[in-house]
There are 2 protein chains.
Amino acid sequence: MTARADYHHGDLAAAALDEALGLIAADGEARFSLRALADRLGVAHRALYNHFADREALLAAVAARGFAQLADGLAAASEPATFLAAYVRFARGYPGLYAVMTERHHAQINATPSLRAAVDRVIAVALAVLATPDADEDTRRREVMRVWMLAHGAIGLQRAGMLRLRSDADFIDEVLRIAGLVPPQEKAP
Amino acid sequence: MTARADYHHGDLAAAALDEALGLIAADGEARFSLRALADRLGVAHRALYNHFADREALLAAVAARGFAQLADGLAAASEPATFLAAYVRFARGYPGLYAVMTERHHAQINATPSLRAAVDRVIAVALAVLATPDADEDTRRREVMRVWMLAHGAIGLQRAGMLRLRSDADFIDEVLRIAGLVPPQEKAP
DNA sequence: GCTCAATGTATCCAGTGGATACATATCGAT
DNA sequence: ATCGATATGTATCCACTGGATACATTGAGC
């Protein structure tokens with residue numbers, strides 16, 4: 001099962017995912033090609049099709065990995081402000097990956113179990129950190145969505161160039177203020 | 001200047017923009033090609049390059065048209081709730097166009113004057129409708145951004161499949177509630 | 001050991017954005 | 001009016017992409 005010598009790669013699926021994630025994390029998927037990926041792995045581009053139905057399926061798998069990493073990062077948060085900060089930091093740290101995770105109409109989302117599972121994990125963490133424990137379900141869901149929508153919207157508008165560019169720290173600080181999670185003149189976490 | 005007979009088209013730039021907007025509005029830019037566009041206009045695909053530097057520039061022009069239309073649509077709003085509803089309706093009505101407007105790193109945004117101008121018009125309308133008239137500038141900006149981020153985030157999460165699918169009306173209603181623009185049990189505009 | 005499904009390779013295809021070279025038309029200066 | 005510069009459109013090429021089909025190699029289970 002370890003990386004083997006000649007004909008068979010050993011674990012192409014995992015290696016391809018790792019490599020693809022690395023290629024996409026910063027630069028996004030627009031300039032990403034199956035052939036470039038295959039070249040880096042020292043393999044014919046067609047070999048990838050033994051593990052992923054098509055380019056879209058590979059991207060869905062990459063997105064799943066992204067959501068899993070995101071959930072890990074968020075799990076450490078203990079309150080809304082740190083949650084939001086961690087979320088924004090992830091999205092701004094791996095812009096290409098975040099785009100693949102959120103800017104595709106993943107019909108895939110229900111067709112790819114790992115993706116569905118990873119997204120559900122993020123939602124579970126969000127509920128635990130962001131929602132009032134004893135509120136009814138609709139309220140809890142809306143509490144989560146309010147923060148998530150604000151964070152996701154802020155990130156999107158920033159990336160699209162609609163906002164003044166700031167340092168990451170200032171950006172996070174501003175989002176926290178807009179979300180009402182930081183009292184007017186206080187310092188953000 | 002009207003559509004001419006033989007060799008010269010007459011006003012290829014405008015015709016191309018119209019046609020591109022039509023092709024992209026619903027389906028987005030992923031499956032959009034310069035060649036398909038040129039075919040529809042009865043012209044060699046290379047002719048388009050006389051009017052647009054490259055594919056990206058054409059998309060920037062399409063985005064500019066989109067923002068102009070959006071600003072028109074928002075101008076009729078008189079209060080935050082109707083503004084937000086109009087915004088969401090636009091984004092959900094022309095998903096492909098909205099994606100081109102917001103999901104590209106328009107370095108273009110400052111390189112394309114018409115795009116910059118159209119975005120500024122949207123921001124101006126938003127300030128007029130969403131901000132407290134006599135508040136200081138930072139507050140006004142944040143009031144606008146809170147609504148814009150919520151709307152944009154909601155649209156993005158919905159499109160990505162992170163939310164339960166609902167009818168457009170229900171979706172708008174839910175966003176208004178989350179934004180705190182509709183009292184708990186009241187009917188949305 | 002042998003077989004056969006899993007995995008990789010070789011090669012082809014149509015479609016894409018873009019470049020270069022050339023054809024045709026329009027318009028302003030004379 | 002005409003003539004030449006310039007804008008506009010065409011013809012043709014290129015490298016590259018995702019995907020399809022046919023074949024080679026391999027190793028796991030019988």
Side-chain angles (χ1 to χ4, degrees), chain A residues 1-20 23-24 27-63 96 99-100 103-108 111-112, chain B residues 1-20 23-24 27-63 96 99-100 103-108 111-112:
Chain A
M1 203 65 67
T2 90
R4 270 300 311 112
D6 280 319
Y7 200 94
H8 279 80
H9 180 281
D11 198 355
L12 222 202
L17 255 179
D18 284 346
E19 195 68 31
L23 288 173
I24 288 173
D27 298 339
E29 55 91 41
R31 300 182 194 190
F32 165 81
S33 83
L34 297 183
R35 296 175 120 96
L37 173 60
D39 283 355
R40 273 173 165 264
L41 296 167
V43 108
H45 84 283
R46 253 298 159 163
L48 297 170
Y49 286 81
N50 288 320
H51 305 276
F52 304 96
D54 54 18
R55 192 185 127 105
E56 206 61 31
L58 172 50
L59 291 180
V62 168
V100 166
E103 287 183 0
R104 324 218 99 225
H105 331 32
H106 289 113
Q108 309 282 2
T112 310
Chain B
M1 202 65 67
T2 91
R4 273 294 310 110
D6 280 319
Y7 199 92
H8 280 79
H9 179 281
D11 196 354
L12 222 202
L17 256 179
D18 284 346
E19 195 68 31
L23 288 174
I24 289 173
D27 298 337
E29 57 91 41
R31 301 184 193 190
F32 165 81
S33 84
L34 296 182
R35 295 175 120 96
L37 173 60
D39 283 354
R40 271 173 168 264
L41 297 166
V43 108
H45 84 284
R46 249 321 182 145
L48 298 169
Y49 286 80
N50 287 320
H51 304 276
F52 305 96
D54 54 18
R55 192 186 128 106
E56 206 61 29
L58 172 50
L59 291 181
V62 168
V100 166
E103 287 182 2
R104 323 220 101 224
H105 332 32
H106 289 115
Q108 308 282 2
T112 310

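Just so we're clear, the structure is a prediction, and the values are computed from it rather than from any experiment. In the text below, chain A, chain B and the rest are named by the order of the sequence lines, each starting its count at 1.
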Quiz prompt | Worked check of side chain to side chain contact (heavy atoms under 4.5 Å, CB included) between B:Leu12 and B:Asn50 | solution = CA-CA 9 Å; B:Leu12 222 202; B:Asn50 287 320; over 6 Å; no

Nearest-Å distance, [atom1] ([X]) to [atom2] ([N])?
X       : N      : atom1 : atom2 : result
B:Arg31 : C:dG17 : CZ    : C1'   : 19 Å
B:Leu34 : D:dG9  : CG    : P     : 15 Å
A:Asp39 : D:dC16 : CG    : P     : 10 Å
A:Leu48 : C:dG8  : CG    : P     : 9 Å
B:Leu58 : C:dG17 : CG    : C1'   : 12 Å
A:Leu12 : D:dT25 : CG    : P     : 18 Å
A:Arg35 : C:dC13 : CZ    : C1'   : 11 Å
B:Leu37 : C:dG17 : CG    : P     : 10 Å

Quiz item: Which dot-bracket notation, 5' to 3', represents the base pairing of DNA chain C when pairs are defined as Watson-Crick or G-U with both distances under 3.5 Å, crossing pairs as [ ], and inter-strand pairs as |?
Solution: ||||||||||||||||||||||||||||||

Practice problem: List the atom of B:Asp54, the atom of B:Tyr49, and the distance in Å for their closest heavy-atom pair. | Solution: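 Closest pair (atom of B:Asp54, atom of B:Tyr49, distance): CA-CE2, 4.2 Å.
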
Quiz item: With a 4.0 Å cut-off on heavy atoms, is A:Arg55 in touch with a base, just the backbone sugar-phosphate, or nothing at all?
Solution: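 It contacts sugar-phosphate atoms only.
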
Exercise. Would you indicate what B:Phe52 reaches in the nucleic acid, counting non-hydrogen atoms under 4.0 angstrom: base, sugar-phosphate, or nothing?
Key: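 Contact class for B:Phe52: none.
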
Does the side chain of [Y] come within less than 4.5 Å of [X]'s, by heavy atoms?
X        : Y       : answer
B:Leu17  : B:Phe52 : yes
B:Glu103 : B:Glu29 : no
B:Val62  : B:Phe32 : no

Under 3.5 Å, is there an N or O donor on one side and an acceptor on the other linking the side chain of [X] and the base of [N]?
X       : N      : answer
A:His45 : C:dG8  : no
A:Arg46 : D:dA20 : yes
A:Asn50 : C:dG8  : yes

Give every donor-acceptor pair under 3.5 Å between a side-chain atom in residues 34-45 of chain A and any protein atom, sequence neighbours left out.
residue: A:Arg40; atom: NH1; partner: A:Glu19; partner atom: OE2; Å: 2.7

Quiz item: Phosphate oxygens OP1/OP2 of D:dA7: is one of them under 4.0 Å from a side-chain N or O of B:His51?
Solution: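 No, because none of the side-chain N or O atoms of B:His51 sits under 4.0 Å from OP1 or OP2 of D:dA7.
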
Quiz prompt | OP1 or OP2 of C:dG17 under 4.0 Å from side-chain N/O of B:Tyr49 | solution =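 So the side-chain polar atoms of B:Tyr49 never come under 4.0 Å of the phosphate oxygens OP1 or OP2 of C:dG17.
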
Quiz item: Does A:Asp18 have any salt bridge (charged side-chain N to carboxylate O under 4.0 Å, His left out) partners at least two apart in sequence or in another chain, and if so, which?
Solution: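 Only A:Arg65 meet the salt bridge (charged side-chain N to carboxylate O under 4.0 Å, His left out) criterion with A:Asp18.
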
